[in-house]
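The structure under discussion appears below in the form of structure tokens.
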Amino acid sequence: MIFSKYLFFILSFIAIYAALKVLISKKPMHSVLYLTLTFFAIGGHYILLNAQFLAVVHIIVYAGAIMVLFIYTVMLLNLNIQGEFPKSRLAKFASAIAGGILLFTLIAVFRSYDLKVLADPSLNQIGLVKNLGKILFQDYYLPFELSSILFLAAMVGAVMLGKKDIY
Amino acid sequence: MKAIIALSILAVLNMFFGVRKMKKVLLPLIFIGLIITMILNISDWGKSVHYFNEMFIADNFSIAFSSVLILIGILIFMFANIYYKGVERPLEDIYALILFAIIGGIVMASFGNLILFFVGLETLSISFYVLAGSKKFDIASNEAAMKYFLTGSFATGFLLFGIALVYGVSGSFNLEAINTYILGCNGNVPMIFIAGMLLIFIGMSFKIAAVPFHFWSPDVYTGSPTLITAFMTTAGKVASIAAFYRLITIAFISLHSELTTTLTVIAVLTIIVGNLSAVYQDNLKRMFAYSGVAQSGYLLMALIVLGPKSAGILLFFVLSYVIATITAFAVLMLIREERGTFFIPAFRGLAKNNPVEAFAMAIAMMSLAGIPPLAGFMAKYNLFVLTAEGGYTWLVVVAVIGSMISIYFYFKPILASYFSEGEPQHKIESSVNFKINILVLSILMILLGFLPQVIINLL
């Protein structure tokens, strides 16, 4: 149990560090690669929570499919341009203050709440494919089916934007 | 529930006919489908059916707002052939996206579970992002889509984080269960729950374009194709305010007294900033964007004082706003088509050459401004009375001042079309069908002004 606790901290550190590097990196390609690292770290968290199926799907879909697409887009369109977007000093100042206040509030809020100790995730079997399927098709059947409409809408939109007509 | 299934089938059928290049079939098919959907939707009236583990609740409130959304669909498709005049393509994808957005809106009006709420919101938003950019070679439309997408996803992130926090503390996505959790806390709700709730509110305020989060709306509404702008301002606002109302009245009702301060500040800012910014706009489309922001402020007022009638008043307000906005946009589309501009001088001499269009525009603008005895006036009157009875007299004073400011900019096109001097512009040819449509809508606005209680007492 101690081991998984340390693993949690290591994974969290990697996830947050990589997420910060996504924003800080000057080259788009570096950002993309760091984003992949973030996804892997989050996949590790899923495994710690005994949700193997979710972890595998997460890595296949995000780290596998979506990131490869990102990398191809950056390479094919030659978007690997180094540089910063110019922002006025006022905007930087304002966003730093606003973001800082949000961070401060959230940290204070999280500290004020003593999270209940969860049951050992290795004991409950909720993340296994069988249980996940049962939950999806019983309790969350309607959102599951409605997300197909959501994806259909996204797909129709992508095809529409890809066509050459004016409308 | 039946409405969602019927609309999904309709959208897929419509794409099927579109791929087959049967352009003539599409619009009639959609009209028949929407009317059937409307009948199916209303057939559940008064039964209050709960579907799938309290996921989807078809109570009277949700049926009424779903009907408004379907009505928006019917009105938008009524004017679709005018906006897309001369387009060879069947346009099945744009129509399908509009139908998908309505499905998302119906889900947002009737969810009983935060997961379903999120799926509905995303269906609505993703359809909107694409529709905003549907005029592909127009740089303003591209800009609108990009801005809407970036800011919208950011706001959705806040909303999702809020839902996660609320779930983490209360242990349930179900609205009733969340309320039970709040009651179980005995007034000692953990701050982390409040933080989650406020993050959800930030997301919702963004979606209805309330003031600190309204910066996307002018650019998006100006850049999008006009028909889509009319659709987005109406459907987006109706669905989001219905979802907001459901969240507040079911899940967070026990915390409502503590929320009123936040909501009041947002409402006051929204009314003042929206109306004052609209005064400076010469571009009518941009003016509508800002006045839409102001109207969101009035809508938020209905969430501050919750009385037995507030749902009915909200419904009536939304209905009058929808009819007036779509009528105004229909005339605007016609004028833009002919004169190529959205600016006020395009209306010069409209009353002389096109009396029907000028009349409809005048009625719509007066209804939006709240001139008696039109629908918009009765909506505002009932809302203000409700708010004053709840003890928020100063809020009513602010809202009335806002309405007085709004008269100035809402009357600009009326003055230009009826009383302007100088050379009147040439006549605009419009079909008899179009004239009948906008006349019917104008008469509806006048009639609703005389019979507000019929709608208000529905809920």
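These numbers come from the heavy atoms of this one structure, side chains and all, not from hydrogens, waters or symmetry mates. Residue numbering restarts at 1 for every chain, and letters A, B, ... go by the order of the sequence lines.
For a residue to count as touching a neighbouring chain, one of its non-hydrogen atoms must lie under 4.5 Å from one of that chain's; by this rule B:I192 touches chain A with backbone and side chain alike. Neither the backbone nor the side chain of A:E145 comes within less than 4.5 Å of any heavy atom of chain B. For B:L99, no part lies under 4.5 angstrom from a heavy atom of chain A. Of the atoms belonging to B:I194, not a single heavy atom falls under 4.5 Å from chain A. Looking at A:Y140, both its backbone and its side chain come within 4.5 Å of chain B, counting heavy atoms on both sides. Neither the backbone nor the side chain of B:F118 comes within contact range of chain A; no heavy atom of the residue lies under 4.5 Å from a heavy atom of that chain. Contact of A:K163 with chain B is made through backbone and side chain together, with heavy-atom distances under 4.5 Å. Only the side chain of B:F161 comes within contact range of chain A, with heavy atoms under 4.5 Å apart. Heavy atoms closer than 4.5 Å to chain A are found in the side chain of B:E92, but not in its backbone. For chain A, the nearby parts of B:S134 are the backbone and the side chain; heavy atoms of each come within less than 4.5 Å.
Of the listed residues B:Y51, B:Y129, B:Y84, the one with more heavy-atom pairs under 4.5 angstrom with chain A than any other is B:Y84.
Other residues, nucleotides and ligands contribute more than 12 heavy atoms inside 6.0 Å of the CZ atom of B:F77.
Every ring pair (Phe, Tyr, Trp, His ring centres under 6.0 Å) that A:F39 has, sequence neighbours left out, goes to A:H58, A:Y62. For the ring pair (Phe, Tyr, Trp, His ring centres under 6.0 Å) test, residues two or more places apart in sequence or in another chain that qualify with A:H45 are A:F8.
Under the 30°/60° scheme for interplanar angles, the aromatic rings of A:Y17 and A:Y34 are found to stand perpendicular. Below 30°, between 30° and 60°, or above 60°: for B:F52 and A:Y141 the angle between ring planes is between 30° and 60°, a tilted geometry.
From B:L124, atom CG reaches atom CG of B:L69 across 8.5 Å, with rounding to the nearest 0.5 Å.
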- Message: ring-ring contact (aromatic ring centres under 6.0 Å, His included) for A:Y46 and A:F53? Distances and angles first, verdict last.
- Response: CA-CA 9 Å; A:Y46 285 136; A:F53 176 69; over 10 Å; no

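Aromatic rings of B:Y181 and B:F193 (six-membered ring for Trp) have centroids within the 6.0 Å cut-off, being under it.
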